[in-house]
2 protein chains.
Amino acid sequence: MSIWKKFQRFLFPSKQERLFTKDIASIIGRLPKNLNLYKLATLHSSVGKLSKKGFRVSNERLEFLGDAILNMVIAEFLFKKFPYENEGFLTEIRSRIVRRATLNKLALKIGITELVELQDKNHKKRKNSIYGNALEALIGAVYLDRGYTFCKGFILKRIVQDHLDLQKIIHTDSNYKSKIIEWAQKENKEILFESFDEVDGNNANLFEVSLIIDQERISTGKGTSKKRAEQNAALEACQKLELL
Amino acid sequence: MSIWKKFQRFLFPSKQERLFTKDIASIIGRLPKNLNLYKLATLHSSVGKLSKKGFRVSNERLEFLGDAILNMVIAEFLFKKFPYENEGFLTEIRSRIVRRATLNKLALKIGITELVELQDKNHKKRKNSIYGNALEALIGAVYLDRGYTFCKGFILKRIVQDHLDLQKIIHTDSNYKSKIIEWAQKENKEILFESFDEVDGNNANLFEVSLIIDQERISTGKGTSKKRAEQNAALEACQKLELL
């Protein structure tokens, strides 16, 4: 695009652009400085075009960045909120917050889903991770556009405070094992948890469990107890089978 | 400790405290504001005492925080340094940087190892993850003591720029598979990579491989190709067997 065209577009944005700006502003609570970042954040790889340098332009790089930022902000939030809990608790609660199922719901709540550009709106994976990923990409865009302090505030205010029921997340005993067993009974599948010898990891003794459905191993989980490892294996299976 | 005692100690710090302050200042490049954070960061759980509230005081919570900060700073660094690489590349290079083996070496280089308080200096796990963990805890302490911008500068200047050979990290094809096979031949062990059906993860097809040594499964790895999954399984095995 020529500089003249860019300047023209800056002075007279299209209606679509004005609407998009308004949508983003209502989500992040301030006018975006660099709208292109937010356009990129809502660009799913199914519509991403190849750039001149042979690089497919989509929100995946921003998602990588946003994921790291979200993890850090939530880590600090939990660290300060729970001064007498150990790192095992903090790790567990954070993983419940940043897991795809939670992020997908949050993406719906803050309204990013409407903005995501997809090849095919009836995409098979629609209910899957696309929107959670877009939320992470949005966080990446907010960080690059507005800096660390604003982005942290955005996460804590617009995501954690407005939409996250922390007490529920902590007290829901996410029993994925019973969920998968229930599913298997309904679907008439044979299900088996196979546990392995205690393995000595870096920090503590680690258990490993495989989940086998109809003779096919579909997931493995690790944990500091056999129960924990089973839950992790079951969680992964639930995610793969889209039971969450 | 009474307020009077605290005040006294503030005015006349012990020799040990003055030395510790000097050591920390030489590592982070500025005088620490809150020395207690750094004391905590160098306190391994083997010497951590139970607090009044039944909470074992050690550097593990700070490690949780520092790990998240390090991940984020490295993510942004790579995101900006490699504008034409996809998120798979960024994820892979970051994981090579933040893995225990690299962090342990970095901890040695920046001199935190001398400061770590351990129960037993000949601790079996000494060569293991203790120092990498202490480095992460130090990062957490720097963040809480001096804020985000300083901490980011500390990581980028004192760790990445001074001690990390990024080109080597990128171009070293970390062939853990050949490393573990070599070890097995030397130790006369039977070794087998067992691969499982392609499993459909959230984003892409995922492969899973188990590494079996003398009929015992010692690790599993996942990856977007069978080769990658094998490497990850071999890497985990190398870590468990302390071959790195």
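Naming convention: chains lettered A, B, ... in sequence-line order (proteins, then strands); numbering from 1 in each chain.
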More than 12 heavy atoms from other groups under 6.0 Å of NZ on A/K152: yes

Atom NZ of B/K226 with >12 non-hydrogen neighbours under 6.0 angstrom: no

Residue pair A/R61 / B/E85: nearest heavy atoms and the distance that separates them: NH1-O, 2.8 Å

By salt bridge (Lys or Arg N to Asp or Glu O under 4.0 Å) - contacts of B/E194 (at least two apart): none

Side-chain touch A/N86/B/E60, heavy atoms, less than 4.5 angstrom: no

pair B/L62-A/F79: side-chain heavy atoms closer than 4.5 Å: yes

Over 12 non-hydrogen atoms of neighbours within 6.0 angstrom of NZ in A/K39: yes

Nearest-0.5 Å distance, CZ of residue A/R217 to OG1 of residue B/T220: 6.5 Å

A/K81 atom NZ, neighbour heavy-atom count above 12 within 6.0 Å: no

Value rounded to 0.5 Å, distance of OG in B/S45 from CD in A/E87: 8.0 Å

Residue-level interface, residues 135-149 of chain B with chain A, non-hydrogen cut-off under 4.5 Å: B/Y143, B/L144, B/Y148

A/A237: side-chain contact (heavy atoms from CB on, under 4.5 Å) partners, not counting sequence neighbours: A/I180, A/L211, A/I218, A/S219

Residues in residues 70-77 of chain B near chain A [non-hydrogen atoms, under 4.5 Å]: B/N71, B/M72, B/A75, B/E76

